[in-house]
Amino acid sequence: QQKVQQSPESLTVSEGAMASLNCTFSDGTSNNFRWYRQHSAKGLEVLVSIFSDGEKEEGRFTAHLNRANLHVSLHIREPQPSDSAVYLCAVTSSGYNKLTFGKGTVLLVSP
Amino acid sequence: EAAVTQSPRNKVAVTGGKVTLSCNQTNNHNNMYWYRQDTGHGLRLIHYSYGAGSTEKGDIPDGYKASRPSQENFSLILELATPSQTSVYFCASGDGGVGQDTQYFGPGTRLLVL
C-alpha cells in the first residue's frame, strides 16, 4: 500500500526567501504527483502536477520529481504571507484509481 | 463562481441519527470523491464514483453510503452517525482516469456528532 510522507511537518520562512517542501513515497510505480494548498481548513487548491522526472513550473511554484529516489519536492519562489497554509502532496500509481495524500507541511511566511 | 459546492457547511448531529452531506459540481466531470480529513491522518478516501449511478468503496467506507443520482450530484450518507465520524468532509470532482485525474475540491463540511 502506498505510503506518502512529507517533511518538515512545519516550516517558517521570511517573506521573499525560498521555501522548500519534501515528499517521499513508497511505490516505485507511482506516476502521478500533485501538490495542493489548503488555507485554514478550507478546500484544496491544486498548485502543480508532475508526471515525469525533472522539473515543472507553475508561476512561483516548482515541483521536482526524482522517481529513482522516491522523492518529489515543491519550491516556492518569493513566498508571501498569503502563502501561509498547509501544503499537501498527493501521489497515485499506474493501475490504481485513487490518490494517497501526505499529512501535510504547515508553512508560515513571516513579513 | 465555485465549481464544487457542499451543503451544509456545518452540521451538528446526534449519535444514531441520519446525516446526509451533499455535493454539487458544475465542472461536468465524470468522477466524484468523498474524503474526510482528521488531524494525524490527513485526507482519506471514503467513496468515489465514475459517473451517474455508480458508487465505489474507498479506503474507509465502513459506516458510510454514497449516492450519485446525476452527473452533478454526489451525496454521502451516514445512516447511524457515531462520534467517531466527527470530522471535516471534502467532496471533489475530476476528469480523466479515476485517481489519475486532477481533483477539484469543495470548501468542506464540518460535522460534529454528539
Side-chain angles (χ1 to χ4, degrees), chain A residues 1-10 21-27 29-52 56 58 61 63 65 72 74 85-106, chain B residues 2-7 9-10 23-25 27 29-51 54-61 86-112:
Chain A
Q1 184 174 350
Q2 177 82 265
K3 287 183 168 51
V4 177
Q5 295 190 303
Q6 293 186 238
S7 64
E9 288 187 12
S10 63
L21 289 66
N22 297 296
C23 176
T24 59
F25 50 95
S26 60
D27 184 347
T29 69
S30 299
N31 65 342
N32 193 313
F33 307 85
R34 290 183 172 86
W35 283 96
Y36 284 87
R37 178 169 68 182
Q38 184 178 28
H39 283 105
S40 301
K42 294 183 182 173
L44 280 67
E45 169 194 12
V46 60
L47 298 174
V48 61
S49 303
I50 187 166
F51 309 112
S52 57
K56 177 80 177 292
E58 296 282 357
F61 302 96
L65 174 62
V72 58
L74 178 69
V86 177
Y87 289 78
L88 296 164
C89 172
V91 181
T92 195
S93 304
S94 176
Y96 285 83
N97 57 5
K98 65 181 181 70
L99 289 175
T100 300
F101 284 85
K103 294 180 181 178
T105 292
V106 178
Chain B
V4 181
T5 56
Q6 295 182 230
S7 63
R9 294 294 312 280
N10 294 280
C23 178
N24 178 275
Q25 56 108 353
N27 295 321
H29 288 161
N30 287 331
N31 307 328
M32 295 187 76
Y33 306 84
W34 275 107
Y35 294 89
R36 62 178 285 177
Q37 186 176 39
D38 303 285
T39 303
H41 287 283
L43 276 154
R44 292 180 291 174
L45 182 65
I46 305 170
H47 284 289
Y48 61 98
S49 168
Y50 294 101
S54 90
T55 61
E56 305 289 337
K57 294 180 180 179
D59 293 328
I60 52 165
T86 293
S87 187
V88 181
Y89 291 85
F90 288 97
C91 174
S93 74
D95 57 9
V98 169
Q100 304 285 331
D101 50 0
T102 297
Q103 296 180 20
Y104 298 89
F105 284 77
T109 293
R110 192 173 295 271
L111 174 65
L112 173 63

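Proteins get letters first, then strands, A, B, ... in listed order; numbering begins at 1 in each.
- The heavy-atom pair separating A:Tyr36 from B:Gln103 by the smallest distance is OH-O, 3.0 Å.
- Within 6.0 Å of CD on A:Glu45 lie more than 12 heavy atoms contributed by other residues, nucleotides or ligands.
- Rounded to the nearest 0.5 angstrom, B:Gln37 CD and A:Leu44 CG are separated by 6.5 Å.
- Between atom CG of residue A:Leu99 and atom OG1 of residue B:Thr102 there is a gap of 9.0 Å, rounded to the nearest 0.5 Å.
- Surrounding OH of B:Tyr104 are at most 12 heavy atoms belonging to other residues, nucleotides or ligands under 6.0 Å away.
- Distance check, rounded to the nearest 0.5 Å: CZ of A:Phe101 to OH of B:Tyr35 gives 4.5 Å.
- Of the possible donor and acceptor atoms, one in the side chain of A:Lys103 sits under 3.5 Å from a partner among the backbone N and O of B:Gly40.
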